[in-house]
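This is a predicted model, so every value here is computed, not measured. Every chain is numbered from 1 and lettered A, B, ... according to where its sequence line falls, protein lines coming before strand lines.
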Number of protein chains: 2
Amino acid sequence: MAEEGTLESPGSSRVTDDACRDDRDPFQWDSREDCDVRQILDRIADKWSLLVISLLEERTMRFNELRREIDGISQRMLSVTLRHLERDGLVQRTIYPEVPPRVEYRLTPLACTLLGTIQSLVHWTEEHQEEIARARAEFDRSAGA
Amino acid sequence: MAEEGTLESPGSSRVTDDACRDDRDPFQWDSREDCDVRQILDRIADKWSLLVISLLEERTMRFNELRREIDGISQRMLSVTLRHLERDGLVQRTIYPEVPPRVEYRLTPLACTLLGTIQSLVHWTEEHQEEIARARAEFDRSAGA
DNA sequence: CAGTATCCTTGCTGATACTG
DNA sequence: CAGTATCAGCAAGGATACTG
């Protein structure tokens, strides 16, 4: 059984409710667990989603193609991740009725609006990895000594 | 695409460690599991880190202050998350030798260079949450029916 | 207040086997 | 090729109790 489960109904939590903006500062985003923002953020920032989106940015890809490109991902997790992204409207799945079967994945326009941000994130990481490595070494030396 | 928080990269090609990039396409980031980029990305994009960084963006905060603001976080996970962020050089921990003890957390300059990107991410999520909710409803109706 | 230590449950994850 | 189904292992996460 897929651990998909049925999430709550679409209209269950809308930020526009006054109940959602009671004790929060206006400049701060709603951080409650049941809020949409948290759920979506957890989804796109999970272990594999960023990787998949980054790869699909460049071109349409097939299942095993993605599998080969993403080091360490299992068949199951790629399947689950793609399904999640498809459900969120970020990835479009196209089945070509051929033999052998061919399925291609591509980013939706919605996902394309997210690409810039993801690039920034990856870019930041690449640029500061040494700085972070140094901070870690420093921390470990101070605390672990 | 409206690129709001585009912190454009100063000196993008200056990833001095070339050992990490050998057989990948130049436009694609290294996706191997043992690569720093993957590890750091997993760290800053985890369940709680984004939340903590967002809250600290605004001001210095104390432990229980953060705990109160972040709905659903346990004392343990806040402690672990803060420790991770501190180790990565993103959060600075300051102890004031008072009674009762006071400890304050603030973002480091390194973390501040990441704020734009995080804001973009949160902003994107806020702006597209309804669209995603609709996509989910559509998906569930088609598949789950 | 600001944590750490411990235990225990959840659910993520990967390996394997099987279907269309 | 493109997956789903099932199961087992392990680590993340939460609850509780305790320390400085």
J.: Atom CG of B:L51 to atom C1' of D:dG13: distance rounded to whole Å?
T.: 15 Å
J.: Just to verify, what does B:H128 make a ring pair (Phe, Tyr, Trp, His ring centres under 6.0 Å) with, not counting sequence neighbours?
T.: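 In terms of ring pair (Phe, Tyr, Trp, His ring centres under 6.0 Å), with neighbours along the sequence ignored, B:H128 is linked to B:W124.
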J.: Which part of the nucleic acid, if any, lies within contact of B:Y96, taking any heavy atom under 4.0 Å across all strands shown: a base, the sugar-phosphate backbone alone, or nothing?
T.: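 Nothing, no heavy atom under 4.0 Å.
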J.: Treating B:E69 as the side-chain partner and B:L66 as the backbone partner, does any N or O pair qualify as donor plus acceptor under 3.5 Å?
T.: no
J.: Which residues pass the side-chain contact (heavy atoms from CB on, under 4.5 Å) test with B:A135, not counting sequence neighbours?
T.: none
J.: Rounding to a whole Å, what distance do you find between A:D42:CG and D:dA12:P?
T.: 16 Å
J.: Has B:Y105 got a side-chain N or O lying under 4.0 Å from the OP1 or OP2 atom of C:dG3?
T.: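 Yes, within the criterion.
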J.: Return the residues of residues 73-85 of chain B meeting this criterion: a heavy atom under 4.0 Å from some atom of DNA chain C. Order them by number, or give none.
T.: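 The stretch gives B:Q75, B:R76, B:S79, B:R83 as the residues lying under 4.0 Å from the strand, ordered by number.
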J.: Output all residues satisfying side chain to side chain donor-acceptor pair (under 3.5 Å) with B:S49, sequence neighbours left out; order by chain, then residue number.
T.: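 With sequence neighbours excluded, B:S49 shows a side chain to side chain donor-acceptor pair (under 3.5 Å) to B:D46, given in chain and number order.
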J.: Quick one: pull up CH2 in A:W48 and CD1 in A:I70 and give me the separation to the nearest 0.5 Å.
T.: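 Interatomic distance, A:W48 CH2 to A:I70 CD1, rounded to 0.5 Å: 7.5 Å.
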J.: Measure from CD1 on A:I70 to P on C:dG14 and round the result to the nearest Å.
T.: 11 Å
J.: Rounded to whole angstroms, how far apart are CD1 on A:I95 and P on D:dT4?
T.: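 Rounding to the nearest Å, CD1 of A:I95 and P of D:dT4 are 10 Å apart.
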J.: Please list, chain by chain and in numerical order, all residues satisfying side-chain contact (heavy atoms from CB on, under 4.5 Å) with B:T125, sequence neighbours excluded.
T.: A:V37, A:I40, A:L41, A:I44
J.: What is the distance, to the nearest angstrom, from the CZ atom on B:R102 to the C1' atom on C:dC1?
T.: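 Value for this atom pair: 11 Å.
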J.: My understanding is that only residues two or more places apart in sequence, or in another chain, count here; which of them pass side-chain contact (heavy atoms from CB on, under 4.5 Å) with A:R93?
T.: A:E86, A:I95, A:V103, A:Y105
J.: Can you tell me how far C1' of C:dG3 sits from CZ of B:F63, to the nearest Å?
T.: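 One finds 6 Å between C1' of C:dG3 and CZ of B:F63, rounded.
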J.: Can you name the residues that form a salt bridge (Lys or Arg N to Asp or Glu O under 4.0 Å) with B:R102, not counting sequence neighbours?
T.: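 Only B:E98, B:E104 meet the salt bridge (Lys or Arg N to Asp or Glu O under 4.0 Å) criterion with B:R102.
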J.: Report yes if a side-chain nitrogen or oxygen of B:R93 is closer than 4.0 Å to either non-bridging phosphate oxygen (OP1 or OP2) of C:dG3; otherwise report no.
T.: yes
J.: So, using side-chain contact (heavy atoms from CB on, under 4.5 Å) as the criterion, who are the partners of A:E65 when residues are at least two apart?
T.: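 side-chain contact (heavy atoms from CB on, under 4.5 Å) list for A:E65, sorted by chain: A:R59, A:M61, A:R62, A:R68.
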J.: Would you say that more than 12 heavy atoms from the other residues, nucleotides or ligands in this model lie under 6.0 Å from the CZ of A:R136, or not?
T.: yes
J.: Starting at CG of A:L66 and ending at C1' of D:dG3, how long is that distance when rounded to a whole Å?
T.: 13 Å
J.: Would you indicate which nucleotide in C:dC1, C:dA2, C:dG14 comes nearest to any side-chain atom of B:V103?
T.: C:dA2
J.: Restricting to side chain to side chain donor-acceptor pair (under 3.5 Å), what partner residues turn up for B:R43, sequence neighbours left out?
T.: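 Result, side chain to side chain donor-acceptor pair (under 3.5 Å) vs B:R43: none returned.
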J.: Between which residue ranges does DNA chain D form stems of three or more consecutive Watson-Crick or G-U wobble pairs, both distances under 3.5 Å?
T.: C:1-20 with D:1-20
J.: Report the distance from atom CG of B:D46 to atom P of C:dT13, rounded to the nearest whole Å.
T.: 12 Å
J.: Can you pull every protein N or O that's under 3.5 Å from an N or O on nucleotides 9-11 of chain D?
T.:
none

J.: Please enumerate all residues that pass salt bridge (Lys or Arg N to Asp or Glu O under 4.0 Å) together with B:E131, with sequence neighbours excluded.
T.: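 Expected list: none.
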